[in-house]
Peer 1: 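Right, I'll just put the structure down here and ask away after.
Keep in mind that this is a model prediction, so the values were computed, not measured. Values below: all heavy atoms of this structure, side chains included; hydrogens, waters and symmetry mates excluded.
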Amino acid sequence: MNREMTNRIRFVIEDILPPVVRDSQIFRHAAKLAWGEHIDHLARFRERAPFLTDEEYADLYRKHPRVHEGTDNSEACIKRIIESIEGDSVVDVGCGTGAVLSRIKASRSFERLTGVDFVIDDASKLEGIGYVAAKVEELPFADGEFDTVICTHVIEHVLEYHKAIAELRRVAKKRLIIVVPRERESRYAFNPHFNFFPYVHSFLRAMHPVPPVYACVDVGRDIFYSEDRA
């Protein structure tokens with residue numbers, strides 16, 4: 001299933017179904033027909049967010065079904081990411097399968113392409129792309145080490161997201177690009193997200209202080225944000 005299809009499904013679940021239905025046992029039972037007991041695991045995962053160990057966090061993601069084919073990004077977001085890259089060194093933090101990095105690599109030549117992930121190490125097998133196992137809150141890079149820093153569909157998963165954003169800004173020399181889903185929270189959902197941004201301005205609050213040169217727009221049901229670091 002691609003992102004475009006899941007966005008259509010999300011529109012029905014998040015915007016048409018009222019919260020009283022989405023949080024009900026009726027919805028829970030309907031969701032379990034699709035994902036079984038994992039729906040309850042996800043609900044408990046979010047409820048216990050402040051108390052999770054690193055191993056509990058990683059274990060949930062190892063068992064979480066892979067919904068999308070390669071990437072959580074829509075085609076529109078991928079194209080916008082590639083168009084927004086500055087410079088010749090790029091790191092994708094939370095790169096997952098490395099699908100976005102592969103598209104970036106195919107777009108033109110770069111001096112350095114690096115992928116970072118905490119759980120999924122698929123990108124370590126990609127030719128011409130470096131891989132580092134690390135958490136977004138503690139990146140093992142120098143200040144301004146990469147011309148462009150990309151982080152898509154990660155911030156919604158991170159409890160200490162302000163710390164994560166500070167780290168992304170620290171290692172970005174010219175441009176920072178972040179993509180998050182535009183969504184509303186509910187008790188029973190098909191994802192392990194901690195943070196929810198139902199509007200573009202909701203995410204801008206998370207990025208405070210916003211620099212003078214930035215862009216923040218709705219792309220489908222995702223929020224695309226970029227800022228100049230130079």
Peer 1: For Ala49, enumerate each residue passing the side-chain contact (heavy atoms from CB on, under 4.5 Å) test, keeping only those at least two apart in sequence or located in another chain.
Peer 2: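 Ala49 satisfies side-chain contact (heavy atoms from CB on, under 4.5 Å) with Leu159, Phe194 only.
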Peer 1: Quick one: ring pair (Phe, Tyr, Trp, His ring centres under 6.0 Å) pairs with a partner in residues 93-123, sequence neighbours left out?
Peer 2: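 Residue pairs with at least one partner in residues 93-123: there are none.
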Peer 1: So Arg108 and Ile85, side-chain contact (heavy atoms from CB on, under 4.5 Å) or not? Walk me through it.
Peer 2: CA-CA 11 Å; Arg108 66 175 175 88; Ile85 290 173; 3.9 Å; yes
Peer 1: Would you give the length of the straight line joining atom SG of Cys216 to atom CD1 of Ile178, rounded to the nearest 0.5 angstrom?
Peer 2: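 Result: 9.5 Å between the selected atoms.
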Peer 1: Return each pair, listed once, that meets salt bridge (Lys or Arg N to Asp or Glu O under 4.0 Å) where at least one residue sits in residues 71-85; pairs must be two or more places apart or across chains.
Peer 2: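 Listed by first then second residue: Glu75-Arg103.
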Peer 1: Could I get the full list of side-chain contact (heavy atoms from CB on, under 4.5 Å) partners for Ala76, not counting sequence neighbours?
Peer 2: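 Ser74, Val219.
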Peer 1: Could you report the tightest heavy-atom contact between Cys95 and Leu101, atom names first, then the distance?
Peer 2: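 That would be CB-CD1, 4.1 Å.
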Peer 1: Going by the rule side-chain contact (heavy atoms from CB on, under 4.5 Å), which residues pair with Asp40 if we only count those two or more places apart in sequence or in a different chain?
Peer 2: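 Asp40 satisfies side-chain contact (heavy atoms from CB on, under 4.5 Å) with Arg28, Lys32, Glu37, Arg44, Tyr188 only.
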Peer 1: Check whether any side-chain heavy atom of Pro18 lies under 4.5 Å from a side-chain heavy atom of Val21, and answer yes or no.
Peer 2: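 Side-chain contact under 4.5 Å: yes.
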Peer 1: Determine, for Glu14 against Arg221, whether the closest basic-nitrogen to carboxylate-oxygen distance falls under 4.0 angstrom.
Peer 2: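 Answer for the salt bridge query: yes.
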Peer 1: Going by atom types alone, do Asp23 and Ser186 pair a side-chain donor with an acceptor below 3.5 Å?
Peer 2: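 Side chains of Asp23 and Ser186: no pair found under 3.5 Å.
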Peer 1: Quick one: does Glu156's side chain get under 4.5 Å of Pro181's, heavy atoms only?
Peer 2: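 Glu156 reaches Pro181 side chain to side chain.
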Peer 1: Between Asp222 and Asn7, is the side-chain contact (heavy atoms from CB on, under 4.5 Å) condition met? List the steps.
Peer 2: CA-CA 9 Å; Asp222 294 313; Asn7 280 345; 4.1 Å; yes
Peer 1: Among residues two or more places apart or on two chains, list those pairs meeting ring pair (Phe, Tyr, Trp, His ring centres under 6.0 Å) that have a residue in residues 10-35.
Peer 2: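 Found Trp35-His38, Trp35-His64, Trp35-Phe190.
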Peer 1: Give the minimum heavy-atom separation between Val116 and Ala134, together with the two atoms involved.
Peer 2: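 Looking at all heavy atoms of both residues, the shortest contact is CG1-O, 3.6 Å.
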Peer 1: Other than Leu33, which residues form its hydrophobic cluster under the rule that side-chain heavy atoms must be closer than 4.5 Å?
Peer 2: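 Joined to Leu33, directly or through intermediates: none.
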Peer 1: Does a sphere of radius 6.0 Å around NZ in Lys63 hold more than 12 heavy atoms from other residues, nucleotides or ligands, not counting ones at 6.0 Å or beyond?
Peer 2: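 It does not: Lys63 NZ has 12 such atoms or fewer within range.
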Peer 1: What are the two closest non-hydrogen atoms of Val210 and Leu204, and how far apart are they?
Peer 2: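 Residues Val210 and Leu204, closest heavy atoms: CG2-O, 3.8 Å.
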Peer 1: Which donor-acceptor pairs under 3.5 Å do side chains of residues 138-148 form with protein atoms, sequence neighbours excluded?
Peer 2:
{"from": "Asp143", "atom 1": "OD1", "to": "Arg170", "atom 2": "NH1", "distance (Å)": "2.8"}
{"from": "Glu145", "atom 1": "OE1", "to": "Ala142", "atom 2": "N", "distance (Å)": "2.6"}
{"from": "Glu145", "atom 1": "OE2", "to": "Arg112", "atom 2": "NH1", "distance (Å)": "2.9"}
{"from": "Glu145", "atom 1": "OE2", "to": "Arg112", "atom 2": "NH2", "distance (Å)": "3.0"}
{"from": "Asp147", "atom 1": "OD2", "to": "Asp88", "atom 2": "N", "distance (Å)": "2.8"}
{"from": "Asp147", "atom 1": "OD2", "to": "Ser89", "atom 2": "N", "distance (Å)": "3.4"}
{"from": "Asp147", "atom 1": "OD2", "to": "Ser89", "atom 2": "OG", "distance (Å)": "3.4"}
{"from": "Thr148", "atom 1": "OG1", "to": "Glu86", "atom 2": "N", "distance (Å)": "2.8"}
{"from": "Thr148", "atom 1": "OG1", "to": "Glu86", "atom 2": "O", "distance (Å)": "2.6"}

Peer 1: To the closest 0.5 Å, what do you measure between CD1 (Ile104) and CD1 (Ile78)?
Peer 2: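 Answer rounded to 0.5 Å: 9.0 Å.
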Peer 1: Using the side-chain contact (heavy atoms from CB on, under 4.5 Å) rule, take Val158 and Val136 through it: C-alpha gap first, then chi angles, then the decisive distance, then the call.
Peer 2: CA-CA 8 Å; Val158 180; Val136 63; 3.7 Å; yes
Peer 1: Give me the atom names and distance for the closest heavy-atom approach of Cys77 to Val179.
Peer 2: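 Closest approach of Cys77 to Val179: SG-CG1, 4.0 Å.
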Peer 1: Examine Ile129 and Val100 and state if one hydrophobic cluster contains both, with Ile, Leu, Val, Met, Phe, Trp and Tyr joined whenever side-chain heavy atoms are less than 4.5 Å apart.
Peer 2: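 Cluster IDs for Ile129 and Val100 match.
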Peer 1: Say you draw a straight line from CZ of Arg10 to CD1 of Ile16; how long is it, rounded to the nearest 0.5 Å?
Peer 2: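 So the CZ of Arg10 and the CD1 of Ile16 are separated by 13.5 Å.
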Peer 1: Does Ile26 CD1 have over 12 foreign heavy atoms under 6.0 Å away?
Peer 2: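 No - once you tally the heavy atoms of other residues, nucleotides and ligands closer than 6.0 Å, there are 12 at most.
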Peer 1: Of all residues at least two apart in sequence or in a different chain, which pass the ring-ring contact (aromatic ring centres under 6.0 Å, His included) check with His201?
Peer 2: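 Expected list: Tyr199.
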Peer 1: Looking at side-chain heavy atoms only, is the closest gap between Ile9 and Met1 below 4.5 Å?
Peer 2: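 When only atoms from C-beta onward are counted, Met1 and Ile9 do touch, with a gap below 4.5 Å.
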Peer 1: Do you know the tightest heavy-atom contact between Ile13 and Arg22?
Peer 2: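 Minimum heavy-atom separation between Ile13 and Arg22: O-CD, 2.8 Å.
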Peer 1: Only distances under 3.5 Å count here; give the side-chain donor-acceptor pairs of residues 223-230 to other protein atoms, sequence neighbours excluded, each with its distance to 0.1 Å.
Peer 2:
{"from": "Tyr225", "atom 1": "OH", "to": "Glu227", "atom 2": "OE1", "distance (Å)": "2.4"}
{"from": "Glu227", "atom 1": "OE1", "to": "Arg169", "atom 2": "NE", "distance (Å)": "3.3"}
{"from": "Glu227", "atom 1": "OE1", "to": "Arg169", "atom 2": "NH2", "distance (Å)": "2.9"}
{"from": "Glu227", "atom 1": "OE2", "to": "Arg169", "atom 2": "NE", "distance (Å)": "2.9"}
{"from": "Glu227", "atom 1": "OE2", "to": "Arg229", "atom 2": "NH1", "distance (Å)": "2.8"}
{"from": "Asp228", "atom 1": "OD1", "to": "Arg175", "atom 2": "NE", "distance (Å)": "3.1"}
{"from": "Asp228", "atom 1": "OD1", "to": "Arg175", "atom 2": "NH2", "distance (Å)": "2.6"}

Peer 1: Return each pair, listed once, that meets ring pair (Phe, Tyr, Trp, His ring centres under 6.0 Å) where at least one residue sits in residues 153-184; pairs must be two or more places apart or across chains.
Peer 2: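 Counting only pairs at least two positions apart or across chains, the ring pair (Phe, Tyr, Trp, His ring centres under 6.0 Å) contacts touching residues 153-184 are Tyr61-His157, His157-His193.
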Peer 1: Ser109: which residues meet the side-chain contact (heavy atoms from CB on, under 4.5 Å) condition with it, sequence neighbours left out?
Peer 2: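 In terms of side-chain contact (heavy atoms from CB on, under 4.5 Å), with neighbours along the sequence ignored, Ser109 is linked to no residue.
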Peer 1: Kindly indicate whether the side chain of Thr114, heavy atoms from C-beta on, has any atom under 4.5 Å from the side chain of Asp92.
Peer 2: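 No, every pair of side-chain atoms sits at 4.5 Å or beyond.
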Peer 1: Side-chain contact test, heavy atoms from C-beta onward, threshold under 4.5 Å: evaluate it for Ile150 versus Val90 and give yes or no.
Peer 2: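 When only atoms from C-beta onward are counted, Val90 and Ile150 do touch, with a gap below 4.5 Å.
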Peer 1: So which atom in Val20 and which in Ser24 form the shortest heavy-atom distance, rounded to 0.1 Å?
Peer 2: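 That closest heavy-atom pairing would be O-CB, 3.4 Å.
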Peer 1: Please assess Ile165 against Ile155 for the test side-chain contact (heavy atoms from CB on, under 4.5 Å), listing each intermediate value before the final yes or no.
Peer 2: CA-CA 8 Å; Ile165 291 169; Ile155 298 301; 4.0 Å; yes
Peer 1: Does atom NZ of Lys173 have more than 12 heavy-atom neighbours from other groups under 6.0 Å away?
Peer 2: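 12 or below, so no.
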Peer 1: Can you find a heavy atom in the side chain of Ile177 that is under 4.5 Å from one in the side chain of Val149?
Peer 2: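 With C-beta onward as the side chain, the pair stays apart.
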